[in-house]
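Notes follow once the structure below has been shown.
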Amino acid sequence: MYQPTIGLEIHAELKTKTKMFCGCLNDPDEKHPNINICPICLGHPGTLPTINQEAVEAVLKLGLALNSIISKISKFDRKSYFYPDLPKGYQISQYEEPLVRGGKLKGIRIRRIHLEEDTGRLLHADDGQFSLVDFNRAGVPLMELVTEPDIKNSEEAVEFAKEFQQICRYLKISDADMEKGEMRVEVNISLREIADQRRLDTQINADNIRENQRNHLRESAFWGTKVEIKNLNSFKVVEESIDYEIKRQSEILEKGEMVKQETRGWDDNKKKTVSQRSKEEAQDYRYFPEPDLPPLNIPAIFNLKKMKQELPELPEAKRRRFNKNYGFDKKSVEILVEDKMLADYFEEATSELKAFNPQTNYQLLLNYFTSDLRGLMKEKNISLESLKIKPEHFAHLVYLAEKGNLSSRLIKDLLAKMAETGEDPETLIKEQKIGLINDDDQLLAVIKRIIQENKKAVEDYKKGKENALQFLIGQAMEKTRGQGKPDKLKTLFKKELS
Ligand SMILES: [Zn+2]
């Protein structure tokens, strides 16, 4: 039996107004190449970078959210990097003094979070004759989070990455959309025998051991050989590549062979990891302090205490509160918490509904929210923001539904009309833009036609089959688009058929 040891490195592009070290717009939607560029992000000689405080603040917010240690002094370094997508010949990053160290998420310890700059994009011609480069993305603030190797399997890894994404969105520091490349995951994975794990744990947890010895043990050969899987761009691929790599490395070790230390990539067609380059020795980036940027004195620039107080409620706290306050099951809570905007809307609607009906239990609100309202968003392919339905109007509709005299068909129609007009459901009903047909004559006309058209059902009913009556009422509901009250239709049918 082999125990996987997994660590993650997650990159996320920050959604600041401008780039990391210059005043160029940070606009991921810009389609025209080389628009948002200047001598600084093009690396012209003699230009000087300046630190984007909004980007620093974003990383600090995440650090505070994860209960990490915020560095008093943080520094930037140059990392050797020679590739045409970053014209300076180096990347400004952070090495010895990252902004953030420590902290925890989903039980996984965070090693560090630091800031660096993103690269441009290369486009290679199909015939391989030339490549084009777009520097719009060069110099965009990029945050990198590194975990300790606390992760045991693909499930934990995906759970961690998803939670990271949600927190970035809650903090509004990054959209972290993996499809758009705004969030990229790298996996470090090694396997070792479980017997070794126990021995190592005993050694590490011994009392009479110095801290540097402890660290050395942690890093020692007991971990097994580390393989890096780079550029994973969906949660599914993170899961698949880890599962594949556990299987691949186990098979090598079973045979008594050594796992090669290397960087691998994911081939999504073949559903396997493939070797990219081997690392005979540790890569030497030749980091050295960035001479053009002064060290950041964080407490002198930021009021961390105030920033901490101003953090929004985070997903985990929200889950617990939603579960406690409303008693919803895990799955429903997750649907609500997934998107902060949905959660806020839902909560506004609950307090409005409470005003209409203090006895409400919110279950009906949840049902209409998760099925009908979200269905409408999907159908129109728009966000909740763009729907014109105000939370209080939505609550009002649910209240009317709770009272039980609106058919589900009518509720659907009302909701669609509300989305169009932004009006209150009661107003819509009153103004007869949509609503119940109270006029008996109008209903009788419909009923007579249905009796004509459904002779068989009428016969069945007369023979005593109650189901037949239900069928006829259903037909009438259909014809009136749900605007006839079922109980009223029943009375009228009975009278007409007696
Ligand atoms: Zn620039």
Side-chain angles (χ1 to χ4, degrees), residues 10-62 74-95 97-100 113-124 130-145 168 171-184 231 233 285-298 301-302:
I10 305 183
H11 282 97
E13 280 174 2
L14 299 176
K15 53 173 185 180
T16 52
K17 280 185 227 51
T18 56
K19 289 190 183 179
M20 188 60 226
F21 300 112
C22 62
C24 290
L25 268 188
N26 169 14
D27 180 7
D29 297 323
E30 178 58 67
K31 294 286 180 293
H32 200 289
N34 296 314
I35 289 282
N36 297 319
I37 53 171
C38 75
I40 297 172
C41 52
L42 289 183
H44 288 195
T47 55
L48 283 177
T50 44
I51 297 166
N52 181 345
Q53 286 211 6
E54 195 192 354
V56 175
E57 190 179 352
V59 175
L60 297 180
K61 271 188 195 168
L62 179 62
S74 183
K75 288 178 186 162
F76 285 92
D77 298 277
R78 288 187 182 181
K79 176 181 179 179
S80 299
Y81 180 92
F82 188 73
Y83 205 63
D85 58 7
L86 202 58
K88 285 202 290 275
Y90 58 85
Q91 181 190 33
I92 304 180
S93 181
Q94 297 195 290
Y95 186 53
E97 301 292 345
L99 287 165
V100 170
I113 312 172
H114 69 253
L115 253 182
E116 56 192 34
E117 54 184 335
D118 208 348
T119 63
R121 284 177 205 270
L122 288 173
L123 284 119
H124 305 290
F130 62 91
S131 295
L132 298 169
V133 56
D134 173 10
F135 288 120
N136 283 342
R137 202 181 65 177
V140 161
L142 195 61
M143 166 173 79
E144 181 176 346
L145 176 146
C168 283
L171 297 174
K172 298 193 168 99
I173 59 175
S174 170
D175 290 335
D177 188 329
M178 292 190 83
E179 261 177 47
K180 290 188 188 164
E182 292 165 352
M183 171 174 163
R184 279 105 79 180
N231 286 325
N233 55 12
Y285 291 116
R286 291 186 184 270
Y287 283 98
F288 72 94
E290 166 60 62
D292 291 338
L293 291 171
L296 275 174
N297 183 339
I298 304 287
I301 308 171
F302 297 96

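Just so you know, ligand 1 is whichever comes first in the structure, and atom 1 is the first atom listed for that ligand. Index from 1, following the sequence. None of the values given here were measured: they were computed from a predicted structure.
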Quick one: do [X] and [Y] make a salt bridge, cutoff under 4.0 Å?
{"X": "D134", "Y": "R121", "value": "no"}
{"X": "D77", "Y": "R286", "value": "no"}
{"X": "K15", "Y": "E54", "value": "no"}
{"X": "D292", "Y": "R78", "value": "yes"}

Practice item. State the CZ-CD distance between F76 and E290, to the nearest 0.5 angstrom. Key: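 Rounded to the nearest 0.5 Å, the CZ-CD separation comes out at 9.5 Å.
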**Study point:** Donor-acceptor contact present, side-chain E182 to main-chain S174, <3.5 Å
**Key:** no
Point to revise | Number of protein N, O or S atoms [distance to the Zn ion (ligand 1) under 2.8 Å] | key: 4
